[in-house]
Amino acid sequence: MNLPATVPSFWSPVVGGLSPYVPGEQPKIDRLVKLNTNENPYPPSPRVVEAIRSAAERDLQLYPDPESVRLRETIAAYHGLDAGQVFVGNGSDEVLGHAFFAFFQQAGAPLLMPDISYSFYKVYCGLYAIPVRTVPLDARLQVDVEGFAPESGLRYAGAVVAHPNAPTGSPMTLEQIERLLALHPDRVVLVDEAYVDFGSPSAIGLIDRHPNLLVVHTLSKSRSLAGLRVGFACGQRHLIEGLERVKNSFNSYPLDRLATVGAMAAFEDEAWFQDTRRRVMASRESLARDLEASGFEVVPSQANFVFVRHPSQDAATLALALRRHGVLVRHFATPRIAQYLRISVGTPEQCEALLRALRVLLAEAPAA
């Protein structure tokens, strides 16, 4: 839609300069194999569905608990924390947004982040006028922790990293995370663990030793609840209080009654969670082997996706061709990674559909 020229004059000055986040395509076409948004290919626990169904039959006329006490207690018990060390929000994106507002607006000091990472980080910086200093990933597309070392005389707003990183899937070690915390002891280090359940150790166990550590999780990936929108952060009480002050100045009721009971049920069905994550990890390893056998270079991944490139095929062209064959993958037209595709791990049947399409396309395509 073309807006009249006068419309932007109604905006606040900052709005015209924003570069909003662009999510992966949510298709309107049936029967597409959707491997572009890192959703879990398996449904949530039946206990989640039953909890939501039961809650929908009562009390929806009432506001939910603004503090989500029962859910915070559930998450805290699961991770060996106190409820006061847990903050919950409407998806991890909201939790991240509150964290950027609460901790990283530091008198014009830049926020440190990898040059290739979750693109929403820079969007939040634009929204909150936080300068950015990027630290290049190394040649293996892994986080270079020593690159986060402060330069003499310079102040920083803090640091944010994804573990495992997105979109590369490369994890960090807990020793690397502790090194990063030591490099910036007077600033918050945010570790975004959206994909940690697919094979990496969580930094949550470091919280009691590090007052500047905030760890953010989501139930969208390993708990199969992308449609429910539940995220949480763990940290020492003073960090959680900062998040609560921002939340209660923005929206006192971020989680509704259905999301709350569904999230609790997801944590209570450990067997379902463990079975699902094992199946995803097994498919990831199988898919990586098959892609390598087809000539792709595959970045080692500890997430529910793989990051790949083909030495003789243009990634953007390949992504479009796959879509014509009914398979969606994600391409980022970004420096350093423009020749890579991020492919979500699907069911074995979905992965096989991807591989069939690739075999046809690679057989037909001329070398780039």
Side-chain angles (χ1 to χ4, degrees), residues 65-107 109-113 117-118 120-121 124-125 127-130 132 145 148 150 155-163 172 174 176-194 196 201-219 230-255 263 267:
D65 174 11
E67 304 304 324
S68 301
V69 170
R70 292 180 60 212
L71 176 56
R72 290 169 58 201
E73 290 175 343
T74 298
I75 295 170
Y78 187 87
H79 288 289
L81 302 172
D82 297 324
Q85 296 175 300
V86 177
F87 174 85
V88 298
N90 191 329
S92 63
D93 286 337
E94 181 183 77
V95 175
L96 289 167
H98 289 340
F100 275 58
F101 191 95
F103 307 122
F104 297 144
Q105 296 182 100
Q106 299 289 345
L111 177 63
L112 292 162
M113 66 181 70
S117 196
Y118 184 30
F120 224 140
Y121 301 154
Y124 292 130
C125 287
L127 181 62
Y128 300 133
I130 302 168
V132 174
V145 173
F148 282 77
R155 295 178 64 254
Y156 297 97
V160 58
V161 291
H163 162 63
M172 300 173 69
L174 295 184
Q176 287 177 310
I177 292 171
E178 289 204 277
R179 173 61 177 157
L180 185 55
L181 290 159
L183 288 171
H184 300 279
D186 61 343
R187 286 289 185 253
V188 170
V189 173
L190 192 159
V191 180
D192 182 0
E193 295 191 339
V196 77
S202 173
I204 287 178
L206 305 177
I207 284 171
D208 285 341
R209 301 204 304 270
H210 296 282
N212 59 328
L213 172 61
L214 187 74
V215 182
V216 175
H217 275 221
T218 178
L219 274 67
V230 180
F232 64 93
C234 300
Q236 292 190 16
R237 178 60 197 159
H238 56 275
L239 298 184
I240 301 305
E241 182 180 352
L243 292 172
E244 290 171 342
R245 291 173 68 85
V246 173
K247 185 266 287 187
N248 288 323
S249 300
F250 179 76
N251 177 11
S252 295
Y253 303 97
L255 288 187
F267 277 103

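Here CZ of Phe101 is found 9.0 Å from CD1 of Ile130. Values are rounded to the nearest 0.5 Å. To the nearest 0.5 Å, atoms SG (Cys234) and CG (Leu206) are separated by 12.0 Å. Atoms CD and CG, from Glu73 and Asp82 in turn, are 10.5 Å apart once rounded to the nearest 0.5 Å. Between Gln85 atom CD and Arg237 atom CZ the span is 9.5 Å, to the nearest 0.5 Å. Separating the CG atom in Leu213 from the CG atom in Leu239 is a distance of 8.0 Å, to the nearest 0.5 Å. Rounding to the nearest 0.5 angstrom, the gap separating the CG atom in Asp192 from the CG atom in Leu96 is 5.0 Å.
Panel note: side chain Glu94, backbone Gly91; no donor-acceptor pair is recorded below 3.5 Å. Looking only at distances, no side-chain donor or acceptor of His184 sits under 3.5 Å from a matching main-chain atom of Ala157. Using modelled atom types, no side-chain atom of His163 and backbone atom of Val191 make a donor-acceptor pair closer than 3.5 Å. In this structure a side-chain-to-backbone donor-acceptor pair under 3.5 Å is present from Asn212 to Arg187. Remark: side-chain polar atoms of Asp65 are paired, donor with acceptor, to backbone N or O of Val69 under 3.5 angstrom. With hydrogens and angles ignored, the 3.5 Å screen pairs no side-chain donor or acceptor of Gln176 with any backbone N or O of Val145.
Taking the six-membered ring for Trp and thresholds of 30 and 60 degrees, His79 and Phe267 have ring planes more than 60 degrees apart, a perpendicular arrangement. Aromatic ring pairs are classed by plane angle as parallel below 30°, tilted from 30° to 60° and perpendicular above 60°; the pair Tyr118 and Phe120 is perpendicular.
Side chains of Val196 and Val215 form no contact here, defined as non-hydrogen atoms less than 4.5 Å apart. The side-chain heavy atoms of Tyr124 and Val132, taken from C-beta on, include no pair separated by under 4.5 Å.
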Test log, rule side-chain contact (heavy atoms from CB on, under 4.5 Å), inputs Phe148 and Val189: CA-CA 11 Å; Phe148 282 77; Val189 173; over 6 Å; no
May I have the step-by-step check of side-chain contact (heavy atoms from CB on, under 4.5 Å) for Ile75 and His217, ending in yes or no? CA-CA 11 Å; Ile75 295 170; His217 275 221; over 6 Å; no
Check the pair Asn90 / Asn251 against side-chain contact (heavy atoms from CB on, under 4.5 Å), numbers first and verdict last. CA-CA 10 Å; Asn90 191 329; Asn251 177 11; 5.9 Å; no
List the steps and the verdict of ring-ring contact (aromatic ring centres under 6.0 Å, His included) for Phe100 and Tyr128. CA-CA 8 Å; Phe100 275 58; Tyr128 300 133; 7.4 Å; no
Would you sort out whether Lys247 and Val88 count as a side-chain contact (heavy atoms from CB on, under 4.5 Å), showing the intermediate values? CA-CA 10 Å; Lys247 185 266 287 187; Val88 298; over 6 Å; no
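Heavy atoms only, all atoms of each residue included: Ser92 and Val216 are closest at CB-CG1, 3.9 Å. Across Cys125 and Met113, no two heavy atoms sit closer than the pair SG-CE, 3.8 Å. In plain terms, the two heavy atoms of Val95 and Phe232 that are nearest each other are CG2-N, 4.1 Å. Nearest heavy atoms, Leu174 versus Ser202: CD2-O, 3.6 Å. Minimum heavy-atom separation, Ala83 to Ala76: N-CB, 3.6 Å. The minimum heavy-atom distance linking Leu255 with Gly89 is given by the pair CD2-O, 3.4 Å.
Not counting sequence neighbours, the partners of Arg179 by the salt bridge (Lys or Arg N to Asp or Glu O under 4.0 Å) test are Glu146. When the salt bridge (Lys or Arg N to Asp or Glu O under 4.0 Å) test is applied to Arg72, the partners found at least two apart in sequence or on another chain are Glu244.
In Arg245, the CZ atom is not crowded: 12 or fewer heavy atoms of neighbouring residues, nucleotides or ligands sit closer than 6.0 Å. Few gaps surround OH on Tyr78; more than 12 heavy atoms of other groups in view lie less than 6.0 Å from it.
Put simply, the residue from Phe104, Tyr121, Phe103 that forms a side-chain contact (heavy atoms from CB on, under 4.5 Å) with Leu190 is Phe104.
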